[in-house]
Chemist: 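I'd like to ask you about the structure that follows.
When a residue number appears, it is its place in the shown sequence, counting from 1. We use all heavy atoms of the structure for the numbers below, so side chains are in, but hydrogens, waters and symmetry mates are not.
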Amino acid sequence: MNEKLLLEDGTELEQVFCRPDTLTDVPYHYCPGCGHSVVHNVLMEVVDELDIQDKTIGVAPVGCSVFAYHYMNIDMQEAAHGRASAVATGIKRVLPDKLVFSYQGDGDLAAIGTAETIHTVNRGENILIVFINNGIYGMTGGQMAPTTLPGMVTSTSPYGRDVHMAGYPLKITELVAQLPGAYYVTRQSVHNPNAVRKLKKAVTKAFEYQMQNKGTCFIEVVSNCPSGWKMTPVETIKYLEEVMFPYYPLGDLKVPKE
């Protein structure tokens with residue numbers, strides 16, 4: 001929406017962005033520097049720009065983003081821990097004309113919800129799954145998650161993750177990319193403006209593919225957790241670039257064959 005703004009001194013400015021109606025006027029509860037708020041903004045900007053607010057239904061998880069329904073001004077449904085993709089499946093099958101997405105963290109999707117995730121994608125359910133991976137259980141005290149990196153310090157791995165004891169980090173996005181029901185699979189981030197733009201393009205594609213009944217779209221967002229990582233927001237960006245991204249490389253893992 002481009003509008004003219006007139007300052008007190010008579011200067012005329014062109015407004016090129018305003019808060020979309022798809023976001024409620026409620027302050028986020030997330031910790032300073034957390035990526036959740038940016039991903040929320042991106043999702044709702046896409047919903048606004050595609051003019052699908054009245055057609056979109058989101059499924060909130062258990063985790064840091066458990067209150068996502070406070071911020072997204074669309075129809076929302078809360079799911080039990082790990083069951084968001086199953087709930088989204090039910091909604092989509094009952095209301096096939098709606099655009100449905102689940103929004104899940106790594107503890108929700110890649111731990112207790114691993115089975116639901118794998119089978120949802122394997123069936124090719126025509127939904128979008130948004131997966132936030134910050135390598136830790138953020139809400140419950142910063143414990144080790146399935147995505148915690150080798151050697152990464154958490155409240156339950158104070159000496160770093162020992163792969164001989166806890167196994168290796170689960171690359172859930174690589175797993176789902178191999179499933180025939182997965183139509184579009186990508187890994188993005190929100191650590192800088194260019195990354196945010198790339199994520200927005202990915203979300204737009206995912207909703208467009210859902211409109212075409214193509215199957216499951218899966219978007220992982222490698223994010224940060226300043227509180228859980230015991231770092232400043234600036235330090236977490238450096239950690240993302242130097243440690244997280246080499247293990248979870250950004251980019252498309254499965255794209256449609258045109």
Side-chain angles (χ1 to χ4, degrees), residues 30 33-39 42-43 61 63-65 82 84-85 102-114 117-118 121 128-139 142-154 156-157 160-163 166-179 182 184-203 205-206 216-231 233-255:
Y30 302 114
C34 174
H36 275 302
S37 58
V38 182
V39 182
V42 169
L43 275 169
C64 288
S65 53
S85 64
S102 69
Y103 186 100
Q104 303 173 254
D106 44 2
D108 184 273
L109 182 148
I112 191 171
T114 307
T117 302
I118 295 297
V121 180
L128 164 62
I129 298 175
V130 179
F131 168 43
I132 310 300
N133 174 14
N134 55 24
I136 204 169
Y137 282 96
M139 184 184 74
Q143 299 94 333
M144 182 177 66
T147 51
T148 299
L149 298 180
M152 188 174 181
V153 174
T154 72
T156 52
S157 58
R161 178 174 186 157
D162 181 355
V163 296
Y168 292 90
L170 184 61
K171 292 188 174 183
I172 192 74
T173 305
E174 278 82 351
L175 288 175
V176 302
Q178 308 305 312
L179 302 175
Y184 174 55
V185 180
T186 188
R187 180 184 285 124
Q188 302 295 332
S189 71
V190 290
H191 68 294
N192 62 36
N194 187 47
V196 173
R197 286 191 289 269
K198 289 182 178 180
L199 174 62
K200 190 170 182 178
K201 289 181 180 179
V203 173
K205 288 180 182 178
T216 307
C217 291
F218 190 98
I219 299 177
E220 176 183 351
V221 182
V222 183
S223 188
N224 56 344
C225 183
S227 296
W229 294 358
K230 309 301 181 185
M231 301 178 186
V234 173
E235 289 171 341
T236 63
I237 299 302
K238 184 178 181 181
Y239 188 83
L240 281 170
E241 295 174 337
E242 296 181 354
V243 182
M244 291 286 282
F245 294 159
Y247 201 93
Y248 298 112
L250 305 182
D252 294 335
L253 282 80
K254 188 174 186 178
V255 296

Chemist: Taking atom NZ as the centre, does K200 end up with more than 12 heavy-atom neighbours from other residues, nucleotides or ligands that are less than 6.0 angstrom away?
Modeler: yes
Chemist: Identify the two heavy atoms, one from P169 and one from T148, that lie closest to each other, and give their separation to 0.1 Å.
Modeler: CG-O, 3.1 Å
Chemist: Between T236 (side chain) and P226 (backbone), is there a donor-acceptor pair under 3.5 Å?
Modeler: no
Chemist: Enter the distance from H191:NE2 to Y239:OH here, rounded to the nearest 0.5 Å.
Modeler: 15.0 Å
Chemist: Identify the heavy atoms of G138 and C225 that sit nearest to each other, and give their distance.
Modeler: CA-SG, 4.2 Å
Chemist: Within the structure provided, determine whether L199 and T186 are in side-chain contact (heavy-atom separation under 4.5 Å).
Modeler: no
Chemist: Tell me if a side-chain donor or acceptor on N224 pairs with a main-chain N or O of I237 at a distance below 3.5 Å.
Modeler: no
Chemist: Say whether, by atom type as modelled, one donor and one acceptor occur between the side chain of N133 and the main chain of E220 under 3.5 angstrom.
Modeler: no
Chemist: Heavy atoms, side chains only, cut-off 4.5 Å: are R161 and L149 in contact?
Modeler: no
Chemist: To the nearest 0.5 Å, how far apart are CD1 in I112 and CD in Q104?
Modeler: 11.5 Å
Chemist: Indicate the atoms forming the closest heavy-atom contact of V190 with V39, along with that distance.
Modeler: CG1-CG2, 4.0 Å
Chemist: Could you pull out the closest heavy-atom pair between S223 and G35, with the gap in Å?
Modeler: OG-CA, 3.3 Å
Chemist: Are the side chain of W229 and the backbone of N134 linked by a donor-acceptor contact shorter than 3.5 Å?
Modeler: yes
Chemist: With side chains defined as the heavy atoms from C-beta onward, is the minimum distance between I172 and L175 less than 4.5 Å?
Modeler: yes
Chemist: Between D108 and G82 (side chain of the first, backbone of the second, donor and acceptor by atom type, cut-off under 3.5 Å), is there such a pair?
Modeler: yes
Chemist: With no hydrogens and no angle check, is any side-chain donor or acceptor of T114 less than 3.5 Å from a backbone partner on A110?
Modeler: yes
Chemist: Looking at side-chain heavy atoms only, is the closest gap between F131 and V176 below 4.5 Å?
Modeler: no
Chemist: Is there a side-chain contact between S189 and Y248 (heavy atoms, below 4.5 Å)?
Modeler: no
Chemist: Please report the shortest heavy-atom distance between G228 and I136, naming the atom on each side.
Modeler: O-CD1, 3.4 Å
Chemist: In Å and rounded to the nearest 0.5 Å, what is the CG to NZ distance from L253 to K171?
Modeler: 9.5 Å
Chemist: State the SG-CD1 distance between C64 and I132, to the nearest 0.5 angstrom.
Modeler: 10.5 Å
Chemist: Side chains of T156 and Y137, heavy atoms from C-beta outward: is any pair under 4.5 Å?
Modeler: no
Chemist: Report yes if the side chains of F218 and T117 come closer than 4.5 Å at any heavy-atom pair, otherwise no.
Modeler: yes
Chemist: Where do L128 and Y184 land on the side-chain contact (heavy atoms from CB on, under 4.5 Å) test, with the steps shown first?
Modeler: CA-CA 9 Å; L128 164 62; Y184 174 55; over 6 Å; no
Chemist: Indicate the atoms forming the closest heavy-atom contact of A202 with Q188, along with that distance.
Modeler: CB-CG, 4.3 Å
Chemist: Just wondering, do M144 and M152 contact through their side chains at under 4.5 Å, heavy atoms?
Modeler: no
Chemist: Under the 3.5 angstrom rule, does the side chain of K254 hit a backbone N or O of L179 as a donor-acceptor pair?
Modeler: yes
